[in-house]
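Scroll down for the structure; my scribbles are underneath it.
What you see is a predicted model, and the numbers here were worked out from it, not measured in a lab. Below, chain A is the first sequence line, B the second, and so on; all start at residue 1.
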Amino acid sequence: MEIPKTYDPKQAEESHYSRWEREGCFAPEANSDASAPVYSIVIPPPNVTGSLHMGHALQHTIMDVLTRYHRMRGFRTLWLPGTDHAGISTQIMVERQLKKDEGKTRHDIGREEFTARVWKWKEQYGGEITRQMRREGASVDWSRERFTMDEHLSRAVREFFVRCYEEGLIYRGPGMINWCPKDQTALSDLEVDKESQAGKLYYLQYPVKGSDRRVTVATTRPETMLGDTAVAVSPKDERYKELVGQTLILPIVGREIPVVADEFVDPEFGTGAVKVTPAHDPNDYALGKRHDLPQVQVIDQFARMTAEAGAEFQGLDRYEAREKVVEKFEELGLLEKVVDYEFAITKCNRCRTVIEPLISTQWFLKQAELGRAPLELIRDKHEPRFVPENPYEKVYENWLAGLYDWTLSRQLWWGHRIPAWYDEAGNVYVARTEEEARARAGTDKLEQDPDVLDTWFSSALWPISTLGWPNEDSADLKTFYPTSVLVTARDIIFLWVSRMMMTGMKFEGRKAFDDVFITGTIFDKHGQRMSKTKGNGVDPLDVFDKYGVDATRLVLASIGSTDTRWNDNQVESYRNFANKIWNAARFCLLNSEGAQVGRGFEGEPAGWSLQDRWIVSRLNKTARDVRRAIEEYNFHEAVYSLYHFFWDDFCDWYIELSKSDVTAGDTSPERDAARSRVLTVLEQALRLLHPFMPFITEELWQRLPGVGRDSLHAAYRAADVTPTVMLTEFPRADESLIDERAEEEMRAVIELVSRVRNIRTELSVKPSEEVRLVIGAGGNGLGNIFNASLAQIKRLTRAGEVDIKDSLADVPRASARAVLAGGAEVAVPLEGLIDFAQERARITREREKQEKELQKTEAQLSNPNFVERAPAEKVEELRRRAAEVSQRIKALGEMLEALGE
RNA sequence: GCCCGCUUAGCUCAGUGGUAGAGCGCACGCUUCACACGCGUGAUGCCGAAGGUUCGAAUCCUUCAGCGGGCACCA
């Protein structure tokens, strides 16, 4: 068999995914065990316009590890994929293309034609991210792929809307909303970002009617004064007590406006008097409602001044108007001062345009009521369980505790159209279909509301709608809901996570997911957030190309929930690990004649060799640790265990210890058994690695002799699929095969080999040169252990002759010596190579180290407080260590003597 | 203003009430019949600062500093 010396990730990545998909390996139906427990995840649907970034790759890796792991455990496992129609982003993208290609706007071609174009765009380009997910190895069930604008999901959206409307949770009315003057739509508070900005604070004076007095107000937006309908002060503010109830003359405009008292005003800030513009500020809007103030709209939807602002301002941009207002105040002598001031401005998080707060008639949802059940659940039962719990559970709870109305309607064309119809008299009919609305209205002359719903409205239903809701008979809904875990980034806890909980609780009466895993954020190497505009993003596809998907997945899994600076070094090291796996398998396969997976470990473990008992113990311990780590979402620990098991235990020791047996020239049952054992351990290791490294493990597993249908987990044996490692059983952690004694004995062998290697290097013995070893085993059983592994010890230390004695009594003076655990010692006679002074110095150094250690332990042991209060086992452990260390010191002293003066 | 996180080897990060860890990098030596994307050996840290709790603190508590984040306010 030809096996290249270097692993080629591309080859493996192109070889297996389409078969897995085609044969239905990802679908829960592959599992024929009717009693199997269920494990399900719905993907956070990426924008259909999007392409894969590191954040996706991170989430997908975590979800895929969990999915593959549970599938191999025999769970009926579903990971459901899909995409989001992403209202604004998609619409903007298609509008831009329309402008570029045909020089037209959406209004030129009309709503119907435009939405048709978006659908066409979606069909043509929308699959980008799903193709990329296949590249990642994501084991999602593509047969259940969903899109938020699918007919079924749209039906769910209408159902959600209508039911909430009927219960009075959704209403239409005027309200203060965030308006994006560029995108020409209302936005929710979660779709805008606050940014601090260096600006100015203007102190404006308003004359009091019938008096010389002036009231000074401070503002960052002087242009809004044209719409002022009051000035407010704190009711507790003595300075303004007499002014309350009096009238001011609004400069420029000449309008008479009252001075009102309101708790909202902070007397400490600015002048303690606040200009009130109910039509252009959320706080002023609320204040205006409390005091029944008129709303004067002076800024329009294009952020230009209206006729209400006065003839000389009408049509001016808001910033031009600002300058002009300030000039006017200066002319009038009413501009008290202007100071530099840093304040927050609100920007559209799509186009970065400064938001204009406007009063507008929109549809709203009373979130507070929907949020009550999730709030109780998190407070009473800490469900769902957040990982990491800190700080996310609290963040989530605090959010639910302070919910306000959600602006649902968007003035866009791409999205779910609001299921509300108006008759000629303006009466509204909210219905699941137009027919229903007509029937209710008793007329066919109805106009549907032109607006669409916030994209997150459909996202809020994702776990239930993708599984079949509102069809309560849906088998998927019954089987897979609630989902097991939601894996996502922290920035959509409010936008999405909390809302899925609301709809799940409301419509299914149960939480949408048991756990919520929040991934970390990946920064660039300078600690900056990766972003398209900064151009500092690392493209996962490039990393895949350079290092392979499996290596990248290991890095991402290790990142888990930690914030990390991206670093190619780590990917490179896991690329090397993949190559290590490849070559370990290459070695096994090149020596596989006569061998088969599953053989070689016959009989009782007690009869096996030390190295066999040891590797089986290590394997089962690793399986135990990896299982526990995955179940605790501690992916880093799982990767760490796998890495060290495979590289250190399996490659550096087990294969090296087995090499002489495995590579024996002549065919023999012993040779074949040794070969089978190495293959069997390899096969188990590939299973352990598979959830993290699906491609290389499958590529290698397919080549192993003796694997096939019988290797599959019982639940998958009936499936009509090519046998695959992904449907084998994840290695059990068999406690009875964890052998502490074998591990301890193996540690003694490893220490012996390491000490001899150390001597060889320190004394510059040529690697090719054979040495003689004399082992003083101390007569307590270690001799037998070393004896049993003699051939291996010789090979690993490149020793020709090994004498195992009780002590080093009659070893030649010209020997390098080292102490080992358990009272054993080793000497390497090196006539002619030994510089006695240097060797004495080496051993003296070692003795000093041990003496320091002894001092520390003895100091602790002589502390009566420690001996009395520390747990007995800790004291005992320290005593043992002290004994061991003094034993070593004694032995080192004897070695110095033996070296002579 | 309130809250949270981080601070450990040159770099990126694990870890944990009881002898300081990994990978990369570094030094030295190796064409050892799977792998130089390798093998072997080695060096490297008052675990951000100061207090406290404890027999024992890098780990728990308090305060502080630097960095990062969230929420509220921002007239």
> At under 4.0 Å between heavy atoms, what does A/Cys651 touch on the DNA or RNA strands: base, sugar-phosphate, or nothing?
Replying inline: base
> Closest approach of A/Asp228 and A/Leu250, non-hydrogen atoms and distance?
Replying inline: O-CD2, 3.6 Å
> Counting only side-chain N and O atoms of A/Lys194, is one of them less than 4.0 Å from OP1 or OP2 of B/C71?
Replying inline: no
> Is the distance from OP1 or OP2 of B/A14 to the nearest side-chain N or O of A/Thr562 less than 4.0 Å?
Replying inline: yes
> In whole Å, what is the span from the CH2 atom of A/Trp566 to the P atom of B/C11?
Replying inline: 20 Å
>> Classify A/Val265 by what it touches in the nucleic acid, base, sugar-phosphate, or nothing, heavy-atom distance under 4.0 Å.
In response: base
>> Applying a 4.0 Å non-hydrogen cut-off, can you work out what A/Arg565 is touching in the nucleic acid: base, sugar-phosphate, or nothing?
In response: sugar-phosphate
> With sugar-phosphate meaning primed atoms plus P, OP1 and OP2, does A/Ser573 contact a base, only sugar-phosphate, or nothing at under 4.0 Å between heavy atoms?
Replying inline: sugar-phosphate
> Taking atom P in both B/U7 and B/U59, what distance in whole Å separates the two?
Replying inline: 12 Å
>> Heavy atoms only, 4.0 Å cut-off, all strands: where does A/Asn283 land among base, sugar-phosphate and nothing?
In response: sugar-phosphate
> Roughly how far apart, to the nearest Å, are B/G5 and B/G40 at atom C1'?
Replying inline: 42 Å
>> When the P atoms of B/C6 and B/C61 are compared, how many Å lie between them, rounded to an integer?
In response: 11 Å
>> Taking atom types as they are modelled, would you say the side chain of A/Glu656 forms a donor-acceptor pair with the base of B/A34 within the 3.5 Å cutoff?
In response: yes
> In terms of the nearest nucleotide of RNA chain B, which residue is placed more toward the 5' end: A/Ala273 or A/Glu877?
Replying inline: A/Glu877
> So A/Glu884 and A/Arg880, salt bridge (charged side-chain N to carboxylate O under 4.0 Å, His left out) or not? Walk me through it.
Replying inline: CA-CA 6 Å; A/Glu884 170 80 27; A/Arg880 262 201 310 267; over 6 Å; no
>> Does B/G42 have OP1 or OP2 under 4.0 Å away from a side-chain N or O of A/Asn758?
In response: yes
>> On RNA chain B, does the nearest nucleotide to A/Arg586 precede the nearest nucleotide to A/Asp563 from the 5' side, or the other way round? Give the residue.
In response: A/Asp563
> Say you pick atom C1' in B/G23 and the same atom in B/C37; how far apart are they, in whole Å?
Replying inline: 14 Å
> When you compare B/C26 with B/C67, how far apart are their P atoms, in angstrom units rounded to a whole number?
Replying inline: 32 Å
> Could you walk me through whether A/Ile581 and A/Leu686 pass the side-chain contact (heavy atoms from CB on, under 4.5 Å) check?
Replying inline: CA-CA 9 Å; A/Ile581 295 169; A/Leu686 293 178; 4.2 Å; yes
> How close do A/Ala279 and A/Val296 get, heavy atom to heavy atom, and via which atoms?
Replying inline: CB-O, 3.3 Å
> OP1 or OP2 of B/U32 sitting under 4.0 Å from any side-chain N/O of A/Lys659?
Replying inline: no
> For the residue pair A/Phe650 and A/Phe646, is the inter-centroid distance of their aromatic rings smaller than 6.0 Å?
Replying inline: yes
> Just checking A/Tyr341: base, sugar-phosphate only, or nothing, at a heavy-atom cut-off of under 4.0 Å?
Replying inline: sugar-phosphate
>> Distance check, P atoms only: B/U44 and B/A22, in whole angstrom units.
In response: 13 Å
> Rounded to the nearest Å, what distance is computed from the CG atom of residue A/Leu763 to the P atom of nucleotide B/C28?
Replying inline: 19 Å
> Which is true for A/Pro864 with a 4.0 Å heavy-atom rule: it touches a base, it touches only sugar-phosphate, or it touches nothing?
Replying inline: nothing
> Any idea which of B/A34, B/U32, B/G38 is nearest the A/Asn576 side chain?
Replying inline: B/G38
>> Measuring from the side chain of A/Phe264 (C-beta onward, heavy atoms only), which nucleotide among B/C74, B/G18, B/C39 has the closest atom?
In response: B/C74
> Which nucleotide in the list B/C11, B/C35, B/G38 gets nearest to the side chain of A/Asn567?
Replying inline: B/C11
> Cation over ring, A/Lys10 on A/Phe544, under 6.0 Å and within 45°?
Replying inline: no
> Quick one: does NZ or CZ of A/Lys337 land under 6.0 Å from the six-membered ring centre of A/Tyr203, within 45 degrees of the ring axis?
Replying inline: yes
>> Can you measure A/Tyr396 atom OH to B/C71 atom C1' for me and round it to whole angstrom units?
In response: 18 Å
> Under 4.0 angstrom, heavy atoms only, what part of the nucleic acid is A/Lys5 near: base, sugar-phosphate, or nothing?
Replying inline: sugar-phosphate
> Considering only the C1' atoms, how many Å lie between B/G10 and B/G68, rounded to the nearest integer?
Replying inline: 23 Å
